[in-house]
S.K.: 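Structure provided below as structure tokens; questions to follow.
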Amino acid sequence: MRLNEVENMKVLIIIPAYNEEESIEKVINNLKQNYSQYDYVIINDGSHDHTSEICHKNKYKIIDLPVNLGLTGAFQTGLKYAYKKGYDYAIQFDADGQHLPEYIPAMVDKIEEGYDMVIGSRFVEKPKPRSLRMLGSRVISTAIKITTGVHIADPTSGMRLFNKTLIKEFAENINYEPEPDTVSFLIKQGVKVAEVQVEMKEREAGESYLNLSRSIVYMTKMFVSIIILQNFRNRKK
């Protein structure tokens, strides 16, 4: 790939946001001031706080969903936007300040080596902590390894970069959730996935959806889906 082709690659940062009034300005202003080479779009997922008002007041690029669709619906909306606008790459990016945009260039460099998806991973070069919090991640990594032969160190990372092929595929398939079981399914279908070491900050505001009880339910759901359910799934391009 020639240098001018690389420089002209269009990257869209997709930011699903649900009740992120306390963090959204800081996240977007950082992108606008320091990473203006990338486009962004906020998908306001039916927030009932002041997230939408703040975005419109600041003239941020935003798509307002009339009701809360959850992460899958919000992210798919962003990918439909990316597909229709002809972006080469799209990255899933949190609105709560956890994801750091300084790692996007390394992820783009990696995907340009011929990968379809690149995951921003906390554990490529650093060991995964032996904690109750990371138990679910270990279980999911093991399930993916068993079923695909591929080791994904940070399967629950929400910082994922998609190439043009996967943008189209996710945009057109409503059952493609941005979750580890879908990643596992796609790996089995021949999709090339890589990881790049990143750092992530703790959530700066708001409250995470995954408390302890929900984390256990989520881990169980992902494990069963990866080990059993994905075997009965067909890929529709």
Side-chain angles (χ1 to χ4, degrees), residues 10-18 40-46 63 65 67-95 99 107-108 110-111 114-121 136-137 140-141 143-150 152 154-196 209-210 214 217-237:
K10 295 172 62 180
V11 179
L12 178 67
I13 302 173
I14 299 173
I15 308 170
Y18 179 66
Y40 74 89
V41 63
I42 302 159
I43 311 298
N44 173 38
D45 189 22
I63 296 173
L65 300 179
V67 296
N68 177 244
L69 298 181
L71 177 60
T72 298
F75 187 55
Q76 186 178 48
T77 299
L79 286 173
K80 285 181 178 291
Y81 178 89
Y83 176 50
K84 290 185 177 181
K85 295 292 184 179
Y87 283 92
D88 298 293
Y89 303 124
I91 185 167
Q92 180 182 348
F93 198 84
D94 282 357
H99 294 165
M107 295 175 70
V108 172
K110 192 67 178 179
I111 206 168
Y115 292 97
D116 303 295
M117 180 193 304
V118 172
I119 299 171
S121 171
S137 178
I140 294 170
S141 289
I144 293 174
K145 177 68 173 179
I146 290 171
T147 55
T148 70
V150 175
I152 300 296
D154 198 359
T156 60
S157 169
M159 192 176 184
R160 303 183 185 101
L161 180 70
F162 300 81
N163 70 1
K164 204 162 192 172
T165 299
L166 285 187
I167 289 173
K168 179 178 185 292
E169 194 165 343
F170 271 77
E172 294 183 340
N173 288 275
I174 195 169
N175 63 333
Y176 271 33
E177 298 183 348
E179 298 288 0
D181 56 346
T182 298
V183 174
S184 176
F185 167 74
L186 290 173
I187 291 173
K188 290 176 71 174
Q189 299 298 313
V191 169
K192 296 181 180 180
V193 178
E195 293 181 278
V196 167
Y209 173 79
L210 288 176
R214 287 172 175 166
V217 171
Y218 176 81
M219 177 189 72
T220 303
K221 175 185 174 183
M222 286 297 107
F223 183 81
V224 171
S225 180
I226 292 167
I227 294 293
I228 300 174
L229 301 182
Q230 300 307 312
N231 296 317
F232 302 97
R233 187 172 179 180
N234 295 317
R235 187 179 183 190
K236 297 179 180 179
K237 296 185 181 181

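Remember, it's a predicted structure, so these values are computed and weren't measured experimentally.
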S.K.: Between T182 (side chain only) and P178 (backbone N and O only), is there a donor and an acceptor less than 3.5 Å apart?
M.R.: no
S.K.: Holding to side-chain hydrogen bond (donor to acceptor under 3.5 Å, both in side chains), I want the full list of residues that pass it with N231, two or more places apart in sequence or in another chain.
M.R.: K188
S.K.: So do K164 and Y89 actually touch side chain to side chain, heavy atoms under 4.5 Å?
M.R.: no
S.K.: Any idea which heavy atoms bring S184 and I144 closest together, and the distance?
M.R.: CB-CG1, 3.9 Å
S.K.: Using side-chain contact (heavy atoms from CB on, under 4.5 Å) as the criterion, list what pairs up with L69, not counting sequence neighbours.
M.R.: D45, L65, V67
S.K.: Check side-chain hydrogen bond (donor to acceptor under 3.5 Å, both in side chains) between Y81 and all other residues, then give those that pass, not counting sequence neighbours.
M.R.: none
S.K.: Who passes ring-ring contact (aromatic ring centres under 6.0 Å, His included) against F185, sequence neighbours left out?
M.R.: none
S.K.: Compute both the distance and the angle, then confirm whether K192 meets the cation-pi test with Y115: under 6.0 Å from the six-membered ring centre, within 45 degrees of the axis.
M.R.: no
S.K.: Quick check: do L12 and K85 have side-chain heavy atoms less than 4.5 Å from each other?
M.R.: no
S.K.: The criterion is salt bridge (charged side-chain N to carboxylate O under 4.0 Å, His left out); which residues satisfy it with K110, sequence neighbours excluded?
M.R.: E113
S.K.: List the residues meeting side-chain hydrogen bond (donor to acceptor under 3.5 Å, both in side chains) with Y18, not counting sequence neighbours, and say none if there are none.
M.R.: H48
S.K.: Got a sec, which residues hit salt bridge (charged side-chain N to carboxylate O under 4.0 Å, His left out) with D181, two or more places apart in sequence or on another chain?
M.R.: none
S.K.: Using the six-membered ring wherever Trp is involved, compare the ring planes of F170 and Y176 and label them parallel, tilted or perpendicular (cut-offs 30° and 60°).
M.R.: perpendicular
S.K.: Are the side chains of S141 and P155 in contact, using a 4.5 Å heavy-atom criterion?
M.R.: yes
S.K.: Apply side-chain contact (heavy atoms from CB on, under 4.5 Å) to D94 and list each qualifying residue two or more places apart in sequence or on a separate chain.
M.R.: D96, Q98, H99
S.K.: Check whether S225 reaches the backbone of K221 with its side chain - one donor and one acceptor, N or O, closer than 3.5 Å.
M.R.: no
S.K.: Residues in side-chain contact (heavy atoms from CB on, under 4.5 Å) with N175, at least two apart?
M.R.: N173, R233
S.K.: Taking E177's backbone N and O only, do any of them form a donor-acceptor pair with T72's side chain (distance below 3.5 Å, no angle check)?
M.R.: no
S.K.: Quick one: side-chain contact (heavy atoms from CB on, under 4.5 Å) partners of Q76, sequence neighbours excluded?
M.R.: K80, I174
S.K.: What is the minimum heavy-atom distance between D154 and I119, and which atoms define it?
M.R.: O-CG2, 3.9 Å
S.K.: Should L186 and M117 count as side-chain neighbours, where that means a heavy-atom distance under 4.5 Å?
M.R.: yes
